[in-house]
Amino acid sequence: MLTKKLILYIINLSAQARCLYFPMRIALETLKNTPGETFQYTFSTNAAQLELSDEDIRFTEPVELHLEVAYRDGKYIVKGSLRTKMAFTCSRCLTSFTSPLRGDIEEEFPASETTELDLAGLAREIIYAGLPLKPLCEDACLGLCTACGENLNDKQCGCNTDEVDHRLAVLKKLLEE
């Protein structure tokens, strides 16, 4: 006779196997039939599967999604984390660099007539929310020289950057007064 724990383990393996064919989706029937039980899911995906076509989004590692999902009180409770590494271009010095992107997930979805939960949209939200508005290779990045374009992180160029654009000279006079 199979024990309840063994049956849940087999059901969980079956659900994870289905995730291989349906990336980023969780079958809800098992969860609904075992209220209070927590199931663990792990997904590994890429930008194409997440339908991220933005040219500024470049992954250097697969997107890893680790989740715990349970059905309680008429809703699906999803907790977990998203981890990946992305390539960026520094907004000050224009050098390429990689940086980790991490996000925590804590969501509740109401029970409905759907038979599966598609998490691709949730993963996209976390990625977009985690993107830096102004990517910097390091916090103390000096950027480029405004006169010659030299990367000031590599060497000081010696250009005189105190000159004011003649169109802004009037403003400079106001500041001096």
Side-chain angles (χ1 to χ4, degrees), residues 7-144 151 153:
I7 292 171
L8 289 175
Y9 178 74
I10 292 169
I11 290 171
N12 193 19
L13 284 178
S14 172
Q16 287 182 348
R18 275 183 264 162
C19 291
L20 296 174
Y21 301 108
F22 305 104
M24 305 293 289
R25 293 186 179 160
I26 296 175
L28 299 176
E29 181 181 334
T30 303
L31 293 165
K32 204 167 194 176
N33 292 336
T34 54
E37 293 291 327
T38 300
F39 292 88
Q40 295 190 6
Y41 297 89
T42 300
F43 298 97
S44 182
T45 188
N46 58 33
Q49 287 177 327
L50 289 174
E51 299 173 357
L52 293 170
S53 59
D54 191 342
E55 62 191 40
D56 293 334
I57 297 177
R58 298 181 317 265
F59 296 105
T60 59
E61 289 182 0
V63 176
E64 297 286 333
L65 195 61
H66 303 281
L67 301 172
E68 291 182 353
V69 185
Y71 177 75
R72 287 189 200 104
D73 302 324
K75 49 190 158 183
Y76 299 100
I77 300 164
V78 179
K79 293 181 182 181
S81 63
L82 180 139
R83 304 280 185 257
T84 189
K85 279 193 177 178
M86 298 183 70
F88 296 102
T89 301
C90 180
S91 61
R92 289 185 189 161
C93 67
L94 304 178
T95 59
S96 295
F97 68 98
T98 61
S99 179
L101 178 74
R102 293 178 169 80
D104 292 325
I105 302 163
E106 204 165 315
E107 293 285 330
E108 291 183 2
F109 298 95
S112 63
E113 299 300 317
T114 59
T115 59
E116 62 186 17
L117 187 60
D118 187 359
L119 299 168
L122 182 62
R124 280 191 298 271
E125 281 181 35
I126 293 168
I127 290 168
Y128 281 127
L131 291 175
L133 295 176
K134 186 177 178 181
L136 296 176
C137 59
E138 56 185 68
D139 289 338
C141 179
L142 299 173
L144 302 175
N151 185 342
N153 296 314

Minimum heavy-atom distance T38-R72, with the two atoms named: OG1-NH2, 3.5 Å
Using modelled atom types and a 3.5 Å cut-off, is there a donor and acceptor pairing between side-chain atoms of T89 and backbone atoms of L94? no
Distance-minimising heavy-atom pair for P110 and K75: CA-CB, 4.1 Å
Test item: L65 and I105 side chains (from C-beta on) under 4.5 Å apart, heavy atoms: yes
D104 CG to R83 CZ distance, which is reported to the nearest 0.5 Å: 5.5 Å
Are Y41 and L117 close enough, and set up right, to give a side chain to side chain contact (heavy atoms under 4.5 Å, CB included), and what steps lead you there? CA-CA 12 Å; Y41 297 89; L117 187 60; over 6 Å; no
State the CG-CZ distance between D118 and R25, to the nearest 0.5 angstrom. 4.5 Å
Going through the distances and angles, do E37 and T30 end up as a side chain to side chain contact (heavy atoms under 4.5 Å, CB included)? CA-CA 10 Å; E37 293 291 327; T30 303; over 6 Å; no
Do S91 side-chain atoms and P135 backbone N/O form a donor-acceptor pair below 3.5 Å? yes
Could you walk me through whether L142 and C93 pass the side chain to side chain contact (heavy atoms under 4.5 Å, CB included) test, one step at a time? CA-CA 7 Å; L142 299 173; C93 67; over 6 Å; no
Please report the interatomic distance CD(E64) to CG(L82), rounded to the nearest 0.5 Å. 9.0 Å
Do L67 and F43 pass the side chain to side chain contact (heavy atoms under 4.5 Å, CB included) test, and can you show the C-alpha distance, the side-chain angles, and the key distance before you say yes or no? CA-CA 8 Å; L67 301 172; F43 298 97; 4.0 Å; yes
Where D139 and R92 come nearest, the two heavy atoms and their spacing: O-NH1, 3.5 Å
Would you give the length of the straight line joining atom CE of M86 to atom OG1 of T98, rounded to the nearest 0.5 angstrom? 11.0 Å
Heavy atoms of F97 and S99 approach each other most closely as CE1-CB, 4.1 Å
If you round to the nearest 0.5 Å, how far is CG of L101 from CG of L131? 6.5 Å
Which atom pair, heavy atoms only, marks the closest approach of G143 to N151? O-OD1, 3.6 Å
Donor-acceptor pair, N46 side chain versus P62 backbone, under 3.5 Å? no
When every non-hydrogen atom of F39 is compared with those of L31, the smallest separation belongs to CD1-CD2, 3.0 Å
Testing E106, E68, E108 for side-chain contact (heavy atoms from CB on, under 4.5 Å) with I77, which one passes? E108
